[in-house]
Amino acid sequence: MTVLTTEQLGVLARAVSRAPSVHNSQPWQLLVRGTEVDLLERRDVELRRHDPNGRDRLLSCGAAATNLELAVRALGRDCHLEWRSDAAATVTIGRPHATSARDFALYRAIARRRSHRRPFSPERVPEAARAAVAAAGEAAGLHVVVPGQLGKLAELLGFATRVLRDDRAYQRELEFWTAHTHGWGAIGDGVPEAALSPEALPVAGLVRARTPVPDDVVLARRLAAEHLLVLCTDTDTRTDRLAAGAALQRVWLTATVKALVGSVLTQPLHLTGFRARLVSELALPGVPQAIFRFGYPDVPAAPSPRLPLGELFPPPGGTR
Ligand SMILES: Cc1cc2nc3c(=O)[nH]c(=O)nc-3n(C[C@H](O)[C@H](O)[C@H](O)COP(=O)(O)O)c2cc1C
């Protein structure tokens with residue numbers, strides 16, 4: 001039994017499509033089965049150098065699941081989300097249920113949220129807004145931490161940046177994902193040049209061969225001028241990674257509702273040994289899954305493209 005009209009399906013598809021994803025790879029598809037909507041993980045999307053274990057792909061699917069859930073609620077239906085081992089998640093659409101003001105505000109923020117890889121305005125974010133942004137990510141098994149020890153963090157990020165900048169195979173892969181967003185090869189994925197930043201960390205977002213690396217003292221000072229959160233999970237299972245992505249998106253949308261902007265950093269976490277050192281140097285309460293930086297915008301951020309909505313639905317006979 002199909003419960004969704006074409007229009008309603010469009011609402012869900014647009015919300016999923018707007019989710020953030022590693023290198024804007026949009027590694028998901030939707031399978032509608034009556035009152036159940038499966039969010040499928042597209043395992044054919046491979047980032048061998050950046051994301052060899054598919055961890056960021058799962059985080060991305062988790063972020064998309066948050067958007068899917070919010071879109072169902074915005075349509076005035078109850079819903080229940082279950083993480084899956086064979087797909088990413090299944091959202092079961094329930095009875096009619098008035099959309100809460102909070103859910104509707106988060107849903108509306110989906111279209112406004114963008115990766116803001118630029119310096120923020122020097123204006124500090126009030127304590128209450130910071131607390132609300134962090135609280136949006138808290139859930140069982142999940143911790144949102146304001147990192148102390150910025151000197152140590154700067155040292156680690158500086159080290160990771162230099163390694164990634166000089167890794168030619170890594171840079172080739174990144175070049176591919178940042179070069180095919182315009183011109184004849186453009187299909188609606190990848191990160192456009194305009195959305196990146198030529199500046200040094202912490203605002204560069206994705207470290208490229210020409211990214212300037214400041215010394216550790218300068219980097220620590222710049223980190224201190226921003227607001228940072230580290231999302232950690234108690235354990236590091238597939239479900240943890242999905243849930244961390246979902247939490248990251250709740251954090252990001254909550255920031256957007258509060259007229260804040262931000263960007264996410266997972267790139268250094270993929271380096272061998274980096275995660276363990278971050279845990280010990282910053283005394284983190286779990287496995288770090290993503291770093292989120294946020295503040296008020298100084299200049300607007302450029303949008304990134306999206307794949308045509310039709311690509312969200314698997315062709316008859318299977319996923320891509
Ligand atoms: C799991 C995950 C990891 C990401 N890692 C990084 C990163 O290390 N650096 C960065 O600049 N952006 C990162 N991003 C942001 C994506 O590049 C961005 O969401 C995508 O290009 C789409 O652009 P948008 O966020 O403006 O919609 C990440 C996003 C996700 C969901």
Side-chain angles (χ1 to χ4, degrees), residues 14-28 39 41-42 45 47 49-67 88 109-119 137 157 160-161 164-165 170 173-174 176-181 188-208 211 226 228-231 233 240-253 255-256 261-271 274-275 278 288-294 297 300-307:
R14 278 191 295 276
V16 166
S17 148
R18 291 308 317 165
S21 61
V22 54
H23 288 8
N24 198 23
S25 55
Q26 302 156 64
W28 46 61
L39 181 79
E41 175 194 3
R42 270 187 53 202
V45 176
L47 299 165
R49 304 297 301 190
H50 180 93
D51 189 27
N53 306 315
R55 172 194 287 275
D56 275 11
R57 198 171 56 209
L58 285 173
L59 283 157
S60 305
C61 288
T66 287
N67 283 15
I110 288 173
R112 301 197 306 276
R113 184 215 55 82
R114 288 176 181 177
S115 290
H116 189 100
R117 302 181 187 90
R118 300 273 160 184
L157 286 179
T161 303
L164 291 166
R165 193 188 54 180
Y170 178 89
E173 181 182 88
L174 184 56
F176 171 77
W177 282 93
T178 50
H180 74 256
T181 58
D189 61 2
V191 187
E193 190 63 41
L196 290 165
S197 166
E199 295 176 64
L201 278 184
V203 294
L206 287 166
V207 171
R208 294 183 288 169
T211 300
E226 305 204 329
L228 296 173
L229 296 172
V230 186
L231 275 84
T233 49
D240 289 320
R241 295 172 184 183
L242 288 163
L248 171 67
Q249 179 68 346
R250 287 197 304 273
V251 164
W252 208 338
L253 292 176
T256 309
V261 293
S263 68
V264 59
L265 211 71
T266 62
Q267 192 186 32
L269 299 174
H270 296 289
L271 274 190
F274 188 93
R275 224 173 280 270
L278 202 60
Q289 301 285 356
I291 299 171
F292 183 65
R293 57 180 281 274
F294 67 100
S304 292
R306 288 300 187 268
L307 293 165

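Whatever order the structure lists ligands and atoms in, that order sets their numbers, starting from 1. This structure is a prediction, so every number in the text was calculated from the model and none was measured.
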Peer 1: Nearest protein heavy atom to atom 9 (N) of ligand 1, by residue and atom, and its distance?
Peer 2: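 Ranked first by proximity to atom 9 (N) of ligand 1 is Gly205 O, 3.0 Å.
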Peer 1: At their closest point, which heavy atom of His50 faces which heavy atom of Leu206, and how far apart are they?
Peer 2: CE1-CD2, 4.4 Å
Peer 1: Suppose we measure from atom 23 (O) of ligand 1 to each protein heavy atom; which comes out shortest, and what is that distance?
Peer 2: Ser304 OG, 3.4 Å
Peer 1: Number the atoms of ligand 1 from 1 as they appear, then name those within less than 4.0 Å of a heavy atom of Arg114, with their elements.
Peer 2: 26 (O)
Peer 1: Which pair of heavy atoms, one from Leu58 and one from Leu242, lies closest together, and at what distance?
Peer 2: O-CD2, 3.4 Å
Peer 1: Keeping the roles fixed (side chain from Ser21, backbone from Gln26), state whether a donor-acceptor pair exists under 3.5 Å.
Peer 2: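 It does hold such a pair.
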Peer 1: Note the single closest protein heavy atom to atom 28 (C) of ligand 1, along with its residue, its atom name and the distance in Å.
Peer 2: Val264 CG1, 3.2 Å
Peer 1: If I compare all heavy atoms of Thr211 with all of Arg165, which pair ends up nearest, and what's the gap?
Peer 2: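 Heavy-atom minimum between the residues: O-CD, 3.5 Å.
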Peer 1: Identify, for atom 27 (O) of ligand 1, the protein heavy atom at the shortest distance, and state residue, atom and that distance.
Peer 2: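 Protein heavy atom with the smallest distance to atom 27 (O) of ligand 1: Arg306 NH2, 2.6 Å.
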Peer 1: Using a 4.0 Å cutoff against the non-hydrogen atoms of Leu265, which atoms of ligand 1 qualify?
Peer 2: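 Reading through ligand 1 atom by atom, the close ones are 7 (C), 8 (O).
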Peer 1: What atoms of ligand 1 come within less than 4.0 Å of a heavy atom belonging to Gln267?
Peer 2: 8 (O)
Peer 1: Is any side-chain heavy atom of Leu229 closer than 4.5 Å to a side-chain heavy atom of Ile291?
Peer 2: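 The answer is no; the side chains never approach within 4.5 Å.
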Peer 1: Identify which of Leu164, Leu269, Thr266, Leu58 has a heavy atom lying nearest to atom 3 (C) of ligand 1.
Peer 2: Thr266
Peer 1: List the steps, then state whether side chain to side chain donor-acceptor pair (under 3.5 Å) holds for Ser263 with Arg117.
Peer 2: CA-CA 6 Å; Ser263 68; Arg117 302 181 187 90; 5.8 Å; no
Peer 1: Would you say Ser21 has any N or O atom under 3.5 Å from an N or O of ligand 1, going by distance alone?
Peer 2: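 Yes - when backbone and side-chain N and O of Ser21 are compared with those of ligand 1, one distance drops under 3.5 Å.
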Peer 1: Taking all atoms of both residues into account, what is the closest heavy-atom pair of Thr233 and Ala244, and its distance?
Peer 2: CG2-CB, 4.0 Å
Peer 1: Going by heavy atoms, is Arg113 under 4.0 Å from ligand 1?
Peer 2: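 The answer is yes, since Arg113 has a heavy atom less than 4.0 Å from ligand 1.
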Peer 1: Starting from atom 11 (O) of ligand 1, locate the nearest protein heavy atom and write down its residue, its atom name and how far away it is, to 0.1 Å.
Peer 2: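 Checked against all protein heavy atoms, atom 11 (O) of ligand 1 sits closest to Arg117 NE, 2.6 Å.
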Peer 1: Can you pull out the closest protein heavy atom to atom 21 (O) of ligand 1? Residue, atom name and distance to 0.1 Å, please.
Peer 2: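 Looking at atom 21 (O) of ligand 1, the protein heavy atom closest to it is Asn24 CB, 3.3 Å.
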Peer 1: Would you say Trp252 and ligand 1 have an N/O pair spaced under 3.5 Å apart?
Peer 2: no
Peer 1: Thr266 and Asp56: side-chain donor and acceptor closer than 3.5 Å?
Peer 2: yes
Peer 1: Contact between Ser60 and ligand 1, counting heavy atoms under 4.0 Å?
Peer 2: yes
Peer 1: Out of all atoms in ligand 1, which are within 4.0 Å of some heavy atom of Val191? Include the element for each.
Peer 2: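 Near Val191, the atoms of ligand 1 are 21 (O).
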Peer 1: With a 3.5 Å cut-off and no angle check, do the side chains of Gln289 and Arg55 form a donor-acceptor pair?
Peer 2: yes
Peer 1: Given side chains that start at C-beta, do those of Pro268 and Leu157 come closer than 4.5 Å, heavy atoms only?
Peer 2: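 The answer is yes, as the side chains (C-beta and beyond) meet within the 4.5 Å cut-off.
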Peer 1: Nearest protein heavy-atom contact for atom 25 (O) of ligand 1: which residue, which atom, what distance?
Peer 2: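 Of the protein heavy atoms, Ser115 OG, 2.7 Å lies nearest.
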